[in-house]
Amino acid sequence: MTGPAADGERAGRLARAITTGAFAVASHGDWEGAPTRAELGMLGTPPGTVVR
């Protein structure tokens with residue numbers, strides 16, 4: 001796949017990988033920090049956002 005659609009898809013995958021990595025280094029163990037898809041959006045919230 002090439003073109004703008006492919007670039008957008010790559011950007012989304014890269015953002016998801018970065019977010020997943022941030023979750024992984026924030027906890028002990030090798031899988032305990034792995035986020036669910038529902039949790040991935042949590043890191044995209046602005047600073048100071050309350051998550052319940």
(request) Please name all residues satisfying side chain to side chain donor-acceptor pair (under 3.5 Å) with R13, sequence neighbours left out, ordered by chain then number. (result) E9
(message) Which Ile, Leu, Val, Met, Phe, Trp or Tyr residues join V25 in one cluster when any pair of side-chain heavy atoms under 4.5 Å counts as a link?
(response) none
(request) Give me the other members of the hydrophobic cluster that I18 sits in, counting Ile, Leu, Val, Met, Phe, Trp and Tyr linked by side-chain heavy atoms under 4.5 Å, directly or via other members. (result) L14
